[in-house]
Amino acid sequence: MVPALEEILRDTRSLVFFGGAGVSTESGIPDFRSVDGLYHQKFKYPPETMLSHTFYKTHTAEFYDFYRQKLIVHGAKPNAAHLRLAKLEREGKCKAVVTQNIDGLHQAAGSKVVYELHGSTLRNYCTRCGKFYPVSFIEEAAGQGDGVPRCTECGGIVKPDVVLYEEGLDEATMENAIKAISVADTLIVGGTSLAVYPAAGLLRYFRGETLVVINKQPTPADGMANLILNMPIGQALDENTPVSL
């Protein structure tokens, strides 16, 4: 535990957590932008290209091959950060989690109010009739025909409910995230470099008293923060393990 952070958590009445890939790396899910991240690996096309709406439309089979290999993760479990945030919600302190992650680990930990800015790999829908499918449906399509998952009802392509490059964020999700952040007295920003917009722009809606930044590297929000912790977020939020700064 970090005493300065625990003091803030003790006194807060309305906390919102805004997190990025660094929250999930401690659960074994690789991020995109670190030295070992997805964007530094060698592929036939750049990852940004293969995760774009245009590539999905023009190279559909290749999109699904890449998606199955790199974005569907098996065996990941919530870490100390996910579990502590769920506990803070049960205690009535954490009012919402706003996440850029698509792995569903906040919900797996028990958090109920989670705004997924970039969608979730756990939800998949037919682009023609709207029927929803589990992630296993996308995986099982790998051995069928061209590997493109197609709806069992109407034959339409089943697309992951994730926001690809060139696609806009869900308006209702953004509105809910803005509302939550704007009325919070404490905002914890964790595991994100604040490099991805429009998500990173949500910070400008915070009007509360205390801003905490937990990230291994400096962020553009450090100058506004009341507390900066350059450390793994699970370590910072783990109330059972003493931390010496």
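For the numbers below, each heavy atom of this structure counts, side chains included, while hydrogens, waters and symmetry mates do not.
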Quiz item: Hey, what's the ring geometry for F55 with H59, parallel, tilted or perpendicular (30° and 60° as the breaks)?
Solution: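 F55 vs H59 ring planes: parallel.
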Practice problem: Could you tell me how the ring of F63 sits relative to the ring of Y56: parallel (under 30°), tilted (30 to 60°) or perpendicular (over 60°)? | Solution: perpendicular
Nearest non-hydrogen partners of [X] and [Y], listed with the distance:
X	Y	value
C129	C126	N-SG, 3.3 Å
G22	T25	O-OG1, 3.1 Å
A76	V73	CB-CG1, 4.1 Å
I233	G190	CD1-CA, 3.5 Å
G234	A80	O-CB, 3.6 Å
A96	Y115	CB-CE1, 3.8 Å

Working to the nearest 0.5 angstrom, can you tell me the gap between [X] [atom1] and [Y] [atom2]?
X	Y	atom1	atom2	answer
L88	L15	CG	CG	6.0 Å
L9	K93	CG	NZ	7.5 Å
K179	M174	NZ	CE	15.5 Å
T219	L203	OG1	CG	8.0 Å
I214	N230	CD1	CG	10.5 Å
L164	E48	CG	CD	13.0 Å

Is it true that [X] and [Y] fall in one hydrophobic cluster, defined by side-chain heavy atoms closer than 4.5 Å?
X	Y	value
V183	F17	no
Y45	Y64	yes
V189	L229	no
I102	M50	yes
I188	V98	no

Verify the distance criterion only: is there a donor paired with an acceptor across the side chains of [X] and [Y] at less than 3.5 Å?
X	Y	answer
E209	T186	no
S27	N79	yes
H118	Q100	no
T173	E116	no
T121	Y67	no
S14	D185	no

Practice problem: Start with the C-alpha distance between L51 and F66, add both sets of side-chain angles, then the distance that settles side chain to side chain contact (heavy atoms under 4.5 Å, CB included), and finish with yes or no. | Solution: CA-CA 9 Å; L51 292 175; F66 178 75; 3.8 Å; yes
Under a 4.5 Å cut-off applied to non-hydrogen side-chain atoms, are [X] and [Y] in contact?
X	Y	result
L202	F18	yes
V113	N176	no
N124	F132	no
L169	P198	yes
P232	K216	yes
S120	D161	no
V23	E26	no
Y165	H53	no

Report yes or no: does [X] contribute a side-chain atom to a donor-acceptor pair with the main-chain N or O of [Y] at less than 3.5 Å?
X	Y	value
R84	A81	no
R10	L5	no
T127	I157	yes
R68	I138	yes
D146	A61	no
T12	I8	no
N215	T192	yes

Practice problem: Using the side chain to side chain contact (heavy atoms under 4.5 Å, CB included) rule, take C151 and Y133 through it: C-alpha gap first, then chi angles, then the decisive distance, then the call. | Solution: CA-CA 9 Å; C151 179; Y133 289 88; 3.1 Å; yes
Exercise. Show the numbers, then the answer: is there a salt bridge (Lys or Arg N to Asp or Glu O under 4.0 Å) between R128 and E153?
Key: CA-CA 10 Å; R128 186 180 297 167; E153 299 288 332; over 6 Å; no
Exercise. Go through I72 and H74 one step at a time and tell me if the side chain to side chain contact (heavy atoms under 4.5 Å, CB included) criterion holds.
Key: CA-CA 7 Å; I72 296 176; H74 293 281; 4.1 Å; yes
Quiz prompt | Neighbour count >12 (heavy atoms, 6.0 Å) for atom NZ, K131 | solution =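 Check passes, neighbour count above 12.
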Quiz item: Got more than 12 heavy atoms from elsewhere within 6.0 Å of CD, E171?
Solution: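 No.
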Quiz item: Which is it for S24 and N101 under the side chain to side chain donor-acceptor pair (under 3.5 Å) test, yes or no, and what are the steps along the way?
Solution: CA-CA 8 Å; S24 293; N101 297 331; 3.2 Å; yes
Quiz item: Do E167 and K159 pass the salt bridge (Lys or Arg N to Asp or Glu O under 4.0 Å) test, and can you show the C-alpha distance, the side-chain angles, and the key distance before you say yes or no?
Solution: CA-CA 13 Å; E167 294 178 347; K159 181 179 181 292; 3.3 Å; yes
Self-check item: Trace of the side chain to side chain contact (heavy atoms under 4.5 Å, CB included) decision for T99 with L117
Solution: CA-CA 6 Å; T99 180; L117 299 177; over 6 Å; no
Self-check item: Derivation and outcome, salt bridge (Lys or Arg N to Asp or Glu O under 4.0 Å), residues K95 and E89
Solution: CA-CA 6 Å; K95 305 302 182 182; E89 184 188 68; over 6 Å; no
